[in-house]
Amino acid sequence: MLLVLLAAAGAACGGSTGPGGGEIRGTFRLVRVNGDTLPYPYYHNVVEGRTVEYKVHEARLEFRTRNRVYDIRTLDFLDPRPDTLIAGYSVSGTQLLLTRPTTPAQAAHTDTGSIAGDALTIRIRHLAGTPDVYATFSYVREP
């Protein structure tokens with residue numbers, strides 16, 4: 001019985017991404033947005049004859065203790081710049097819920113996703129103040 005308890009404790013320390021795990025550990029790197037490779041243009045408009053296009057150049061999710069995730073992205077608003085958001089998350093089976101806080105540009109909301117082994121997919125509602133983007137971000141776990 002003691003060996004079973006020690007094995008369970010060891011598995012919990014390494015993190016769990018399976019049903020009932022409750023927490024995710026590690027870093028996941030963005031590889032695709034809506035099935036396309038990066039950089040991915042998520043906003044395109046012509047303003048006074050000038051094309052304005054915002055892009056996602058790279059991103060990663062760093063899952064930390066106490067169900068916190070750091071969403072770190074490099075976005076392009078005329079020039080690339082970093083953007084980091086801290087959110088809470090919960091896991092139920094393979095479903096992932098990211099609870100986004102209120103910011104000056106948007107109200108609090110929840111993005112939903114799924115996790116299967118080393119692959120993670122999230123439907124992102126807003127990107128850096130651009131509302132209702134609804135892009136599907138696909139990540140892979142970094143070694």
Side-chain angles (χ1 to χ4, degrees), residues 4-143:
V4 171
L5 289 174
L6 289 173
C13 290
S16 173
T17 58
E23 280 197 356
I24 300 171
R25 303 282 183 177
T27 299
F28 289 75
R29 180 179 46 84
L30 182 65
V31 291
R32 295 195 176 278
V33 178
N34 290 338
D36 294 330
T37 57
L38 301 176
Y40 177 81
Y42 65 91
Y43 177 81
H44 178 90
N45 200 1
V46 177
V47 178
E48 297 178 4
R50 182 173 170 216
T51 300
V52 176
E53 187 172 69
Y54 299 156
K55 299 176 187 174
V56 177
H57 287 273
E58 62 184 21
R60 71 182 184 274
L61 296 173
E62 294 180 1
F63 288 90
R64 306 216 179 158
T65 60
R66 298 186 323 226
N67 290 79
R68 289 176 300 146
V69 62
Y70 284 56
D71 188 349
I72 303 164
R73 307 170 183 156
T74 299
L75 304 173
D76 191 348
F77 303 95
L78 307 177
D79 59 1
R81 67 181 178 131
D83 184 29
T84 300
L85 304 170
I86 301 171
Y89 75 91
S90 62
V91 180
S92 178
T94 59
Q95 182 181 36
L96 171 67
L97 300 174
L98 288 177
T99 307
R100 306 291 189 169
T102 299
T103 67
Q106 66 195 32
H109 65 281
T110 300
D111 289 329
T112 60
S114 62
I115 184 163
D118 290 336
L120 187 140
T121 303
I122 302 172
R123 185 84 165 145
I124 304 290
R125 181 174 176 183
H126 301 297
L127 279 170
T130 304
D132 302 325
V133 171
Y134 292 107
T136 301
F137 279 40
S138 300
Y139 297 84
V140 294
R141 184 187 304 270
E142 292 185 342

Taking side chain as C-beta onward, heavy atoms only, is [X] less than 4.5 Å from [Y]?
X	Y	result
D132	R125	yes
E58	I72	no
P41	K55	yes
E23	Y89	yes
Y54	L75	no

Looking only at heavy atoms, what is the nearest atom pair of [X] and [Y], with distance?
X	Y	answer
R64	Y70	NH1-CZ, 3.3 Å
Y134	R123	O-NH1, 2.6 Å
G117	R141	O-NH2, 3.7 Å
F137	R73	CE2-NE, 4.5 Å
R100	L85	NH1-CD1, 4.0 Å

query: How are the rings of H109 and H126 set relative to one another: parallel (under 30°), tilted (30 to 60°) or perpendicular (over 60°)?
result: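 Ring orientation, 0 to 90° scale: perpendicular.
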Where the side chain of [X] meets the backbone of [Y], is there a donor-acceptor pair that is under 3.5 Å apart?
X	Y	value
T102	A108	yes
R50	V47	no
D118	V140	no

field: Atom pair CD1/CD of I115 and Q95 - distance to nearest 0.5 Å
entry: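 I115 CD1 to Q95 CD: 12.5 Å, rounded to 0.5 Å.
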query: Could you state the interatomic distance from CD1 (I124) to CG (L98), rounded to the nearest 0.5 Å?
result: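 If I round to the nearest 0.5 Å, the distance is 6.5 Å.
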message: So, applying side-chain contact (heavy atoms from CB on, under 4.5 Å) with F28, which one of V31, I24, L30 is it?
response: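 That would be I24.
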task: State which residues pass side chain to side chain contact (heavy atoms under 4.5 Å, CB included) with V46; sequence neighbours excluded, sorted by chain then number.
output: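 Scan of V46 (side chain to side chain contact (heavy atoms under 4.5 Å, CB included), adjacent residues dropped) gives T51.
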query: Sequence neighbours excluded, which residues qualify as side chain to side chain contact (heavy atoms under 4.5 Å, CB included) partners of T110?
result: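 By the side chain to side chain contact (heavy atoms under 4.5 Å, CB included) rule, T110 matches L97, T99.
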field: Stepwise side chain to side chain contact (heavy atoms under 4.5 Å, CB included) test for V133 and Y43
entry: CA-CA 8 Å; V133 171; Y43 177 81; over 6 Å; no
field: Intermediate values then yes/no, side chain to side chain contact (heavy atoms under 4.5 Å, CB included), I122 and L96
entry: CA-CA 8 Å; I122 302 172; L96 171 67; 3.9 Å; yes
Side chain to side chain donor-acceptor pair (under 3.5 Å) partners of residues 26-37, not counting sequence neighbours, each pair once: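 Side chain to side chain donor-acceptor pair (under 3.5 Å) check on residues 26-37 returns N34-Y40.
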query: For V33 and Y42, what are the C-alpha separation, side-chain angles and deciding distance, and is it a side chain to side chain contact (heavy atoms under 4.5 Å, CB included)?
result: CA-CA 9 Å; V33 178; Y42 65 91; over 6 Å; no
